[in-house]
Number of protein chains: 2
Amino acid sequence: MADINVSPAQRRPLSGTAASGTEPAGREPAYELIELMFFAYRDFVGDPDHVLERYQFGRAHHRVLHFVFRHPEIRVADLLDILKITKQSLARVLKELIDQGFILQKEGQVDRRQRLLAVTDKGKALALELAKLQTERFARAIAQSGTTRDQAVRFLYAMIDPERREDVTRMITQADRALRGKER
Amino acid sequence: MADINVSPAQRRPLSGTAASGTEPAGREPAYELIELMFFAYRDFVGDPDHVLERYQFGRAHHRVLHFVFRHPEIRVADLLDILKITKQSLARVLKELIDQGFILQKEGQVDRRQRLLAVTDKGKALALELAKLQTERFARAIAQSGTTRDQAVRFLYAMIDPERREDVTRMITQADRALRGKER
DNA sequence: CATTTATGTCAGCCATGTTGACATATTCGA
DNA sequence: TCGAATATGTCAACATGGCTGACATAAATG
């Protein structure tokens, strides 16, 4: 459980910047948060990007691999629903992931029209490697910011469109259940 | 200061999911945080996307407009450095923003090779409209998650690559100073 | 058996990133 | 003062990953 750099709230940024008066328009624009979100996300996806270059994969491959890893035997239609892309877009990257042996398809048992997707051992290894990089970033950020993991979860959750939150929670819960079930 | 929905920690997601044993590999992958970050960012940039459609602009236009708005009279080279794209990529969207009257260029006073960029009134209005949308999302998220704004700032800041943090802080501070100086 | 569903695929377009090469104007240092 | 360095623009070509529209196939379903 040893962590890279446990020191709460060292060298924090600005944040005493807003509220000079009573604007009629409402709230002061939160430029600081907006820009921090932009840079944070860029670095968050940057880690995996470097690894993916090894296989000539891009971010699209990462997303597909990740969600197939998290939802073994997922139907194509459900994957499209998570990613919010078209099947033509999915087809391109999925084909490459299958050709290179990271993902495999099997015919559905109950409904033989379905092509259920799952990661191979190779795919699992890569998905885990990428998840670990991002996990380390979160662990660092939580430790160094003096936040709790729970606060971070609640904050990010509340950044999601209210009407989609339930779906997201359900999806994550279900994936956790499925994965724990498998690994036992 | 009245907010949309002030209720701390209502309907929070899971988060009691990790730590089943002592893996030799280290930490449990933080799937929940990883996926929440993905969905949060998608919605975060989704708000502006809809508005930008009105002008046939994309996210690239948004980024350029935003940072030019925040850094009046910015040099092209400095803008490229913030965005981390090539000048050829910038040129395309910048041309459209200039043609449609959102941004204008002026020759540098001290160095006449420079083409200093600034938003027009029209550009400022659009930049503010977009920033306001994202500000509202943050205000909602902070109120509903029971976090403080300061915690959110520190957390996002700590998500950035350590070696880039100083630059980001400096950039934000400087932009705040420049904008406040102008509005007085 | 006709229709609906799940998936695949072809073709082409668009947005936004890239590299490489080269042009122009201006500044700056020897 | 002149040659090199700098700031910017531009042309051409390419890659990635979105999109729409059209159509094909196999299987399920009423």
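In what follows, every chain begins at residue 1, and chains take the letters A, B, ... in the order their sequences are listed.
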K.L.:
For A:Ala60 and B:Leu90, take the nucleotide of DNA chain D holding the closest heavy atom to each; which residue's nucleotide lies nearer the 5' end?
P.N.:
B:Leu90
K.L.:
Tell me the interatomic distance from B:Leu80, atom CG, to C:dT16, atom P, rounded to whole angstroms.
P.N.:
16 Å
K.L.:
Whether B:Arg92 contacts C:dT16 is assessed here as follows: a side-chain N or O lying under 4.0 Å from the phosphate OP1 or OP2. Is that the case?
P.N.:
no
K.L.:
Just N and O in the side chain of B:Gln105: are any of them under 4.0 Å from OP1 or OP2 of D:dG9?
P.N.:
yes
K.L.:
Taking all heavy atoms of A:Ala60 and all of A:Val93, pick out the closest pair and write down the distance.
P.N.:
CB-CG1, 3.7 Å
K.L.:
Under 4.0 Å, heavy atoms only, any strand: does A:Val110 hit a base, just the sugar-phosphate, or nothing?
P.N.:
sugar-phosphate
K.L.:
For A:Lys95, report the nucleic acid contact type (base, sugar-phosphate, nothing); a contact means any heavy atom under 4.0 Å.
P.N.:
nothing
K.L.:
Ignoring hydrogens and angles, does a donor from either the side chain of B:Arg115 or the base of D:dT8 sit under 3.5 Å from an acceptor on the other?
P.N.:
no
K.L.:
Is there a donor-acceptor contact under 3.5 Å from the side chain of A:Gln134 to the main chain of A:Phe44?
P.N.:
yes
K.L.:
Rounded to whole Å, please give me the gap between CG in A:Asp49 and P in C:dT18.
P.N.:
12 Å
K.L.:
Taking only side-chain nitrogens and oxygens of A:Ser89, does any of them come within less than 4.0 Å of OP1 or OP2 of D:dC19?
P.N.:
yes
K.L.:
Check the orientation of A:Phe67 and B:Phe38. Use parallel for under 30°, tilted for 30 to 60°, and perpendicular for over 60°.
P.N.:
tilted
K.L.:
What is the separation between atom CD on B:Gln114 and atom P on C:dA25, rounded to the nearest whole Å?
P.N.:
17 Å
K.L.:
When you match A:Lys87 and B:Asp111 each to their closest nucleotide on DNA chain D, which lands nearer the 5' end?
P.N.:
B:Asp111
K.L.:
Whole Å only: how far is the NE2 atom of A:His62 from the P atom of D:dT16?
P.N.:
18 Å
K.L.:
Base of D:dG21, side chain of A:Gln88 - is there a donor-acceptor contact under 3.5 Å?
P.N.:
yes
K.L.:
Taking B:Arg170 first and then B:Asp167, would you say they form a salt bridge - that is, a charged N and a carboxylate O separated by under 4.0 Å?
P.N.:
yes
K.L.:
Tell me whether A:Arg165 contacts the main-chain N or O of A:Ala158 through its side chain, where contact means a donor paired with an acceptor under 3.5 Å.
P.N.:
yes
K.L.:
Distance check: side-chain N/O of A:Arg112 vs OP1/OP2 of D:dT29, anything under 4.0 Å?
P.N.:
no
K.L.:
Is there a side-chain contact between A:His61 and the phosphate of D:dG17, meaning an N or O under 4.0 Å from OP1 or OP2?
P.N.:
yes
K.L.:
I need the CD1-P distance between A:Ile85 and D:dC19, as an integer number of Å.
P.N.:
7 Å
K.L.:
Roughly, in whole Å, what's the span from CG in B:Leu52 to P in C:dA15?
P.N.:
13 Å
